[in-house]
Amino acid sequence: MNVYMDHASTTPVDPRVVEKMMPYFMEKYGNPSSSLYEIGREARKAVEESRVKVASAINAAPGEIIFTSGGTEGDNLAIKGTALLDKDKKHIIISSIEHFSVLSTCDWLKKQGFEVTKVPVDRYGVVDLSELENAIRKDTALISVMHANNEIGTIEPIEEIGRIASDNGIIFHTNACQTAGRVPIDVRKMDIDLMTLSSHKIYGPKGAGAIFVRKGTRLEPLFHGGGHERKLRSGTENVPGIVGFGEALDLACREMRKEGERLTRLRDRLIRGILKIERSWLNGHPEKRLPNNAHFCFKFIEGESMILELDFNGISGGTGSACSSPTLEPSHVLSAIGLPKEDVHGSLRLTLGKQNTKEEVDYVIEVLPKIIERLRNISPFKEDFGEYESALAHEHKH
Amino acid sequence: MNVYMDHASTTPVDPRVVEKMMPYFMEKYGNPSSSLYEIGREARKAVEESRVKVASAINAAPGEIIFTSGGTEGDNLAIKGTALLDKDKKHIIISSIEHFSVLSTCDWLKKQGFEVTKVPVDRYGVVDLSELENAIRKDTALISVMHANNEIGTIEPIEEIGRIASDNGIIFHTNACQTAGRVPIDVRKMDIDLMTLSSHKIYGPKGAGAIFVRKGTRLEPLFHGGGHERKLRSGTENVPGIVGFGEALDLACREMRKEGERLTRLRDRLIRGILKIERSWLNGHPEKRLPNNAHFCFKFIEGESMILELDFNGISGGTGSACSSPTLEPSHVLSAIGLPKEDVHGSLRLTLGKQNTKEEVDYVIEVLPKIIERLRNISPFKEDFGEYESALAHEHKH
Amino acid sequence: MKVPWHTSISIDWSDWMYSDKLIEEFRNPKNMGKMENPDGVGKVGNPTCGDVMYLYIKVNDDRIVDIKFETFGCAAAIGTSSIITEMAKGLTLDEASKITKQDVADEVDGLPPIKMHCSVLAADALKLAIEDYRKKKGKKSDMKS
Amino acid sequence: MKVPWHTSISIDWSDWMYSDKLIEEFRNPKNMGKMENPDGVGKVGNPTCGDVMYLYIKVNDDRIVDIKFETFGCAAAIGTSSIITEMAKGLTLDEASKITKQDVADEVDGLPPIKMHCSVLAADALKLAIEDYRKKKGKKSDMKS
Ligand SMILES: Cc1ncc(COP(=O)(O)O)c(C=O)c1O
Ligand SMILES: Cc1ncc(COP(=O)(O)O)c(C=O)c1O
């Protein structure tokens, strides 16, 4: 059985989306900037119609949507674009569990003379609001807190954060790559000034995305050139990508409720089944979590081997293990919620999607315990980390 | 008859390219970064195979290719990436006929404290090499001269410029968006350090492209994040886009010679036919020009009306007229080759492509004179610009 | 919370393209050509800017009885030239000189924002032609008196 | 000028994925498990880093007659643990202690660059196990003399 359960990483494109995109490769291939002839106008129409879909999905106006190449570009544009504009404000507030596209951008800004405060989260991954308020300074240029975390699935109190930001006159950015199309978003109600969206997380094509830029919010562009997208993002528009993204988001919003309920049921079944494994637990918030996210830890297991074993059994999943990361660093998110490093290695993320069925969930519930057992068998640790635990305890005393 | 002759703006995607892309939307949809499971490895393979194709097309090594979302991103990344790295070098040399993605990027860098020298071109659009050499300073960080101009099609002496740059130890960037796949490129022979490629100009999908970064050349990234593409361009790779781009470039190179000869014949036929129109002339170099580019001026005609009239007749073309530009500025390229503003308005760019036939060329040759006649009929100017010309002459004396 | 995907928002295409009405005027301009012995001429614009309009009027009894134009410029310039001749024909001079750029733009069902200057040109050309007529007439009556 | 599109360049997949050989060792590890009364034990790594290897040897006549491992870690750690037990079994202690990380990596047909530290761990664990044996033996012979 082939079971893809890594939808937080990327998703297949919905066949209805591919169908909408197809005419824009070989027939309506015009450049939207060439609106003096028909084939260019067709492309322009497609782009603007998609803009309306994206705007409608989040209660924005079409003029507030800027198309990008994806979530990473969006986060960079929103954050650098704000930071580099106002020379007097040199402080940025983020949470300690942001995606790399926010974290690394802020690390770069630090090198450019910015100060960055990382607000801690509780053991469920929820941002500490009073710490957030305390972090605010006169020269705070931006607050950026993700809508939902891509690893543990925790949904942040965005409306409250939006209110805090707006009360303090600070621009508020949220990275909604994991939530758009999965949970309702209303940029007005949530007081959001800037928001990042990505297409390939919601059954749209890779290489597309958008940022919402509230009317009146100014940004320094990342790409200079022909002045496309209200001068905020030059470059020939990726018409099929934009069409596909708009369609995917529209479909996801239309089907959000029904699919969300279905996924929640599947997710809870998965969680119940997996937690029967000894020395395992669930990470992230028990209720305030993405309908499709299940995130576990298993003691004495290293995640990369677990993912490989799952792959041998046709199952695709993710882990926050250091061994699986290109930098050999264990997940900063799992550290932020207080997990010791040796436990971070044993993490498993299963994120559900449209094609997943109850049978698939049951298959995973059947296969995983055997994998865990086999790996624990190979491991020198079965009951505890033995001498290491005492050594660590010793270390901590210093 | 529908005749698309704006291939310098964008091209339809080759059906063979679309076919190669298709599996990566719904079947091999994995994230190339997830190489621990099969569907991720498939995506990784596709990306790396495309990288080899792109590298081979320009005589580079695969590790020297960084995939981007298109030409504008590539130019921004190459130029800002170089400029922002070495804090001591604050001077950049470009030609006066660069694309907006280079020009506007340099305008932005000026605001960041850089000095930019624009080297003039002759009346054919060829960069003045001795002026270029004279412009070099101790603190010159970069020379950026496009391989061929997108408006008038003139091919620049890149090999000579490469030699000058390398003799002076200066990094050399060339924007090859119009040439890759159309004329041969060898980054070693041409002493190129950085080169921009765009997919949608050569029958590949929009939203894809690459830069060549010579081994040892360092860059500051534009996108920070997960560290994709050797840390130079974070963000989930646009797998279908990358696959399509690699395939398109490969096909274009394989068919370059034959198609180039065919296009040259068509182009010359078109030029001969059009130049029969009174008070018309060809812009750009008579020989050193892109095989698919024909660029004309017609006295007493404003280009936007001409393009619209052509559209009514099913023909898609481009113009450097101010009225057709979003900034209402006439083409800086046509000004740089010495055309007075009133003549710039009367410019027409016809750029040929794969589907164009002799019949289509003949159709354009038949239709255009009637359009010119009609517009000249509406115009108060038929023989000269009358009182305006003398007024202008008067002005020039001051 | 309400999911607002169903909100219907309409797109303002005039940001991107000409109205059908303007295209129609551009393709089939009325009153196009030079006028022999006009009573008044208005010339506006400049070839370096890409737009030049010549407007010719014939006046009888303070009323525009004939009107013609010659234009070098974009579709908006040609279309608004044509429409203003249609609007002005038959009006008294006082009525005609009250035509504003907005009237012109409305008459062609709107113009892209960056093309609004074309309707300004058209309205100005008409005003200049009327002024020219009045100046000449003034001179004539001066001569008579 | 030569158009070099036809140049054939091969991709080094080991940047991205494990060799078939390593995967085979990971899936079917040899000599896996705890050893009762080993003559020497080598323990390397640390759970906080994600890799721990225990290597147990039984020695007879200066020769490794039995060898076992227990590993907590990634596929590379498990695979290289398995392969080094296969490589060392039957060798004299001197021969075995000459096994380098490169030997280990070569034996599994190469490792992704960022996984090379796993082959270091395996080689180190073997060396430590041999040292442990020699230390113990030294003590025993000390006692005897
Ligand atoms: C929360 C979050 N933000 C940003 C990104 C980056 O988006 P993209 O891969 O489209 O660049 C991702 C996914 O990779 C994500 O999960
Ligand atoms: C010469 C040149 N450079 C850069 C670009 C920008 O490329 P893209 O549209 O892929 O961003 C273009 C085309 O628009 C071009 O013709």
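Keep in mind that the numbers below use all heavy atoms, side chains included, and drop hydrogens, waters and symmetry copies. Here the structure is a predicted model, which means the values were calculated and not measured. Residue numbers start from 1 in every chain, and the chains themselves are labelled A, B, ... in the order their sequence lines are given, proteins ahead of strands.
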Quick one: closest heavy-atom pair of D/A75 and A/S305, and the distance?
->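 So the minimum-distance heavy-atom pair works out to N-OG, 4.0 Å.
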
In Å and rounded to the nearest 0.5 Å, what is the NE2 to OG1 distance from A/H345 to D/T48?
->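 It comes to 6.0 Å.
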
CD1-CG distance between D/I78 and A/L375, expressed to the nearest 0.5 angstrom |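 Reported to 0.5 Å precision, the distance equals 5.5 Å.
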
Atom [atom1] of [X]: over 12 foreign heavy atoms under 6.0 Å:
X	atom1	answer
A/Y124	OH	no
A/E373	CD	no
D/Y133	OH	yes
D/K30	NZ	yes
D/K101	NZ	no
D/E95	CD	yes
D/D20	CG	no
D/K58	NZ	yes

Go through the atoms of A/I301 and report whether side chain, backbone, both or neither lie under 4.5 Å from a heavy atom of chain D.
->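 For A/I301, the backbone is the part near chain D, not the side chain.
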
Contact origin within A/E304 toward chain D - heavy atom pairs under 4.5 Å =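 Contact with chain D: side chain only.
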
For each of D/G33, D/P29, D/G50, D/A77, tally heavy-atom pairs with chain A at distances under 4.5 Å, and name the one with the top tally.
->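 Between D/G33, D/P29, D/G50, D/A77, the count favours D/G50.
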
Find out whether D/M32 and A/R374 are in side-chain contact, i.e. whether some heavy atom of one side chain is under 4.5 Å from a heavy atom of the other.
->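 When only atoms from C-beta onward are counted, A/R374 and D/M32 do not touch, as no gap falls below 4.5 Å.
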
Who in residues 103-121 of chain D is close to chain A, using a strict under-4.5 Å heavy-atom cut-off?
->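 D/I114, D/K115, D/H117, listed by number.
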
Could you check whether the rings of A/F381 and D/F72 sit parallel, tilted or perpendicular, using 30° and 60° as the cut-offs?
->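 Rings of A/F381 and D/F72: perpendicular, over 60°.
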
